[in-house]
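Data block below; observations after.
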Protein chains: 2
Amino acid sequence: MSPKITTELLKQLRQVMKSPKYVQEPVQAYIVPSGDAHQSEYIAPCDCRRAFISGFDGSAGTAIITEQHAAMWTDGRYFLQAAHQMDNNWTLMKMGLKDTPTQEDWLVSVLPEGSKVGVDPFIIPADQWKRMSKALRSAGHDLVPVKENLIDTIWTDCPQRPCKPLITLDLSYTGVSWRDKIVALRSKMAERKVLWFVVTALDEVAWLFNLRGSDVEYNPVFFAYAIIGMNTIRLFIDGDRMMDPAVREHLQLDSTLEPEFKIQVLPYGSIQSELQAVGAGLSPKEKVWLSDKASYALTEAIPKAYRYLTPYTPICIAKAVKNSSETEGMRRAHIKDAVALCELFNWLEKEVVPKGTVTEIIAADKAEEFRSQQKDFVELSFATISSTGPNGAIIHYKPVPETNRTLSVNEIYLLDSGAQYKDGTTDVTRTMHFGTPSAYEKECFTYVLKGHIAVSAAIFPNGTKGHLLDSFARSALWDSGLDYLHGTGHGVGSFLNVHEGPCGISYKTFADEPLEAGMIVSDEPGYYEDGSFGIRIENVVLVIPAETKYNFKNRGSLTFEPLTLVPIQTKMIDVNLLTQKERNWVNDYHQKCREVIGAELERQGRHEALRWLIRETEPLGRVQ
Amino acid sequence: MSPKITTELLKQLRQVMKSPKYVQEPVQAYIVPSGDAHQSEYIAPCDCRRAFISGFDGSAGTAIITEQHAAMWTDGRYFLQAAHQMDNNWTLMKMGLKDTPTQEDWLVSVLPEGSKVGVDPFIIPADQWKRMSKALRSAGHDLVPVKENLIDTIWTDCPQRPCKPLITLDLSYTGVSWRDKIVALRSKMAERKVLWFVVTALDEVAWLFNLRGSDVEYNPVFFAYAIIGMNTIRLFIDGDRMMDPAVREHLQLDSTLEPEFKIQVLPYGSIQSELQAVGAGLSPKEKVWLSDKASYALTEAIPKAYRYLTPYTPICIAKAVKNSSETEGMRRAHIKDAVALCELFNWLEKEVVPKGTVTEIIAADKAEEFRSQQKDFVELSFATISSTGPNGAIIHYKPVPETNRTLSVNEIYLLDSGAQYKDGTTDVTRTMHFGTPSAYEKECFTYVLKGHIAVSAAIFPNGTKGHLLDSFARSALWDSGLDYLHGTGHGVGSFLNVHEGPCGISYKTFADEPLEAGMIVSDEPGYYEDGSFGIRIENVVLVIPAETKYNFKNRGSLTFEPLTLVPIQTKMIDVNLLTQKERNWVNDYHQKCREVIGAELERQGRHEALRWLIRETEPLGRVQ
């Protein structure tokens, strides 16, 4: 990786920062955040403005350019990458280190008195704007919204905003029609006494209308907003996608409908002015509901007294609780995914052991090939983490030619991968050894497995938040002085984003919503030894009611059912470290893999993979 | 309990709410919070203003009186008690129930337009003022500080503010002189670039100056404030306590000292004006450090731009980490406390079983009697919870003549008690059966014990917050569908408040500071069956470094060492439900009780109690 040369670009940006064509008054600093106008985790190429101006293309980072300086804030995952990708026009600000100034403090320390700091009001979330604006104001500066994105003005070969065809999902996939979702949403709105709801997150628009897209890689979403009133529905979307007869039929655009279900289709770019019109027409006590992470531009469109902001929207919460059609779809998707992985691991054993010609990239490609053979496969759900030996210790590793290692019988191999199928989204990690693992590797693997089982088999009362389960995943590692520096689980969408709120399992998450039957999360403890190996065991699990001997305060209990059904390599297990209960869990799990995935392998005529599955699911012995 | 008749009092209060003698303009509502000017958990009789005006004397509750209404907000622990103690002038607002309005919402719904709501600015914490004031302002009303406390104006027989003699603690108890504590505090102030620190919590003043008092029952504190500058120390305290030669000597009031350690003694009531003078003399960038829970009156004394507010003060954090002198003192206090409890339980077995004449109150008194025989006993550390049968299910039960039950061989007895000794503070709960417990009672007791052990034996990395350990205490109960509705542990002071921040073990606590070696917390899971019984097993435990096989990222690990050494009744244990590891824990714990407490019983010549201890610490058998 050689750094991007940015001298000329920065010069151009500093010119437009002063140009009356773009700014009312010159701005002395310009902030370039990571995100898009929907605060998406994954963004389209046209939204990679921070990467364009700096060269640094990690998933998190904020650039600030002043007349004299250019600085980049990013976190520990990306210190090395950012340092490699940026030229020496840039100062790297290592977040999380004690001496690193916050963006606000740094700005205050470098800006001349009474400066203006510009930012694109569509990209910055309202809560960030508020914090930054307050800090700057108290130091005599001003944060100002710059209508035209200044990076776009100098990005001459900026890719077009994608505008790909839509996929309509019928009831057999979604379980609930978009009309019924609107009805449910309006009833939540009535409960909270709000008259309008603004849908800003891309997966929320997609979920609400039972539509999918492919505007963003890995996430089956499309660029759109919506404003839902008690009697009106406005959908803001560009392109000729609304000309597609299937879409028109799905949304009943040409039918005679009750007016409250009539969808008014408007240009994507008109959301702000439409919302301002809504805001201007409000009477006292009439409120507009927005996510508190919505952009400053849209939040500001509604006068402060009329805003109703919450961390999680009613759509986010409803979307997280999967209905039986979605759950069944997720089950089907995970069965297909397991078939693909059995094929892959069988193939790897045949290729790696005798030949030694499989690289991380080849393995990742092969995994995709096997998945793409499955019905309703759409695309991967994230960039495959295919890592062997020391690369496995890099938690967010993605193999590239410069780092690509060859799998061998001497190293641990970690594969974290998943796919989008039309009936569901998968995300699974398995850690394997193709030779003979050391006692230490087995010991670490077994602690991770104990943590995985502790979460998966946990029984907990209804109303429990996921973060209260996080320590269960670490307890066995902690006992030996080990740990891992990431959360234990995230929400998973149903043919939607592989990371979704509002639930999760993490020591860091304090604002998570309680777990409910029907929610789907990952269970993925790990252990990483820098320079040596990485271990992670990840299943996607469904929250289900648990049968218990008693029922305190009639609250009911919950537990998890694994949707992922891929063998966990028993060769890596130090059986002596498992309790009988844990051995039973492994054996029951493998029995289920045999039954469910075995039947599907049989049905698909994949006999060699079936033999591999049978071999890999031999039961562990009893405690002596 | 018959309710207090408040008609006349409310009439008087409503008169002073309009009287120009006390208010600049009439107030249409007056708020009477629970606390005192130091936001203490336990308060002196003169500060029980809410109890005086309403009759309700629970530990938590806020009264609001308007021209037409009188309403009381309290939580689930006190619904019954409040309903009994208040007459029908009062409306009970049950906090935590869905339909209960917040104080702000209720005020907005009942007040005439443009009302003024009064409150004593010394009693309301600044953060509460801010929230309340904002809500009222947005509805067109005003929250106003009323200088004179309006309850005090009608409380003709209000008790005097206590002003009892002080106890000086020498280095053998505190380990660090007050001068060295001032030096450490100033270095924290320098780190944060603040010039002044205001000590508002009573236990923080007591800790800082190595003094104790008895102005508040159970808490060895005294009414005082302090303002620490980089070169000045001002102590605000009333009465002739500063005439005591021992105190003058301890604080070196008559010595020739370096000026920065010279203590200026000022009247308790002059804190606000002194602080205003400090505030008026500040230059830009000079800051004053206050707890964000300090009163509105003191917070407001410093102009906003000069305030530096944190949830935990540097004193609160330093106080929580006990040094070796404090730890040794706590050990001694717990040994004496265990001696007293061995005597008590031995006595109970002799009295309850054959005679059946011991009531909850008699048992509580006897516990106090045995404790008071021990060296350096000062007082109890909280009101003894002595409860048998169904009373045990009332978590904050305190026996009174109306509820007083007789201990018997048919019911579970729960005793939660503790004391202040000059060398340390204790807090211990034991649950016993004097006859034959049922299988179900044993089962529940054993789940609670498993939870207690899971926390006590937990190993976790340095930097872990206590709330991440809470679920360990519940896991065994959860597996059977059971739970308890309180936190698992609280910080414990060293001859100071039995509840102290900033650490704890709770599913509710998100703002706790990480556990550190030297911190002391309680470990007290329980199980409560309404109308039947209560079970709780509580030890006070010290955070200590743990030896582990590995040491991830060189972070080091921690675990707990029980300071409480009182047998856990093995008769209540269903041994079959314990793992071998758990049995070993019980046996090791009992072995230590035998050794340490046995030696002390021997030394004190308490041979009968020693025989009881030996009997109660017989080892459990091995897993078959």
Side-chain angles (χ1 to χ4, degrees), chain A residues 138-139 284-285 304-305 440 443-444 447 454-455 457-485 505-511 527-530 546-559 579-581 623, chain B residues 138-139 284-285 304-305 440 443-444 447 454-455 457-485 506-511 527-530 545-559 579-581 623:
Chain A
S138 82
K285 297 217 166 180
K304 205 171 168 184
Y440 177 60
E443 182 185 358
C444 295
Y447 295 148
V455 169
I459 294 175
F460 49 91
N462 251 313
T464 301
K465 295 184 171 192
H467 70 258
L468 291 171
L469 308 180
D470 184 74
S471 298
F472 290 153
R474 298 175 200 274
S475 181
L477 288 161
W478 283 356
D479 278 345
S480 293
L482 304 179
D483 197 5
Y484 54 96
L485 302 181
I505 302 176
S506 175
Y507 62 99
K508 285 177 289 190
T509 314
F510 295 139
Y527 177 69
Y528 310 91
E529 195 134 310
D530 285 348
E547 294 295 326
T548 53
K549 190 168 174 188
Y550 308 111
N551 188 6
F552 179 65
K553 302 261 177 204
N554 222 11
R555 281 191 302 179
S557 293
L558 300 171
T559 186
T579 64
Q580 187 57 49
K581 221 173 132 187
V623 171
Chain B
S138 81
K285 299 219 167 181
K304 206 170 167 184
Y440 177 60
E443 183 186 357
C444 295
Y447 295 148
V455 170
I459 294 173
F460 49 91
N462 250 316
T464 301
K465 294 182 173 194
H467 69 258
L468 292 170
L469 308 180
D470 185 74
S471 298
F472 291 152
R474 298 175 200 275
S475 181
L477 288 161
W478 283 356
D479 279 345
S480 292
L482 304 180
D483 197 6
Y484 54 95
L485 302 181
S506 175
Y507 62 100
K508 289 176 287 191
T509 313
F510 295 140
Y527 176 68
Y528 311 91
E529 195 135 307
D530 285 347
E547 293 295 324
T548 54
K549 191 169 174 188
Y550 307 111
N551 188 7
F552 179 64
K553 301 264 179 204
N554 221 10
R555 281 192 301 178
S557 293
L558 298 172
T559 186
T579 63
Q580 186 58 48
K581 221 172 133 187
V623 171

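Just so we're on the same page: letters track the sequence lines, and every chain starts at 1.
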Which heavy-atom pair separates [X] from [Y] by the least distance, and what is that distance?
X	Y	answer
Tyr447(B)	Ala476(B)	O-CB, 3.8 Å
Arg555(B)	Leu485(A)	NH1-CD2, 4.1 Å
Leu482(B)	Cys444(B)	CD1-SG, 4.1 Å

Chain A contact via [X] - side chain, backbone, both or neither, heavy atoms under 4.5 Å:
X	result
Arg474(B)	neither
Lys285(B)	neither
Phe472(B)	both
Tyr528(B)	backbone
Ser480(B)	both
Ser138(B)	neither

Check your understanding: Does the side chain of Glu529(A) pick up a donor-acceptor pair with the side chain of Tyr440(A) at under 3.5 Å?
Key ->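 On atom types as modelled, these side chains qualify, holding a pair under 3.5 Å.
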Point to revise | Donor-acceptor pair between Glu443(B) and Tyr550(A) side chains, under 3.5 angstrom | key: yes
Exercise for review: Walk me through it: do Tyr527(B) and Tyr484(B) pass the test side-chain contact (heavy atoms from CB on, under 4.5 Å)?
Suggested key: CA-CA 5 Å; Tyr527(B) 176 68; Tyr484(B) 54 95; 5.6 Å; no
Practice item. Check whether Thr559(A) gets within reach of chain B through its side chain, its backbone, both or neither, counting any heavy atom under 4.5 Å. Key: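 It is neither, since no heavy atom gets under 4.5 Å.
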Check your understanding: By a 4.5 Å heavy-atom criterion (distance strictly below it), what part of Asp483(A) contacts chain B: side chain, backbone, both, or neither?
Key ->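 For Asp483(A), backbone and side chain are both near chain B.
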Check your understanding: Among Ser557(B), Pro461(B), Gly556(B), Ala458(B), which has the most heavy-atom pairs under 4.5 Å with chain A?
Key -> Pro461(B)
Exercise for review: May I ask you to say whether Lys553(B) pairs ionically with Asp530(A), meaning some side-chain N is under 4.0 Å from a carboxylate O?
Suggested key: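 Between Asp530(A) and Lys553(B) there is a salt bridge, with a charged N closer than 4.0 Å to a carboxylate O.
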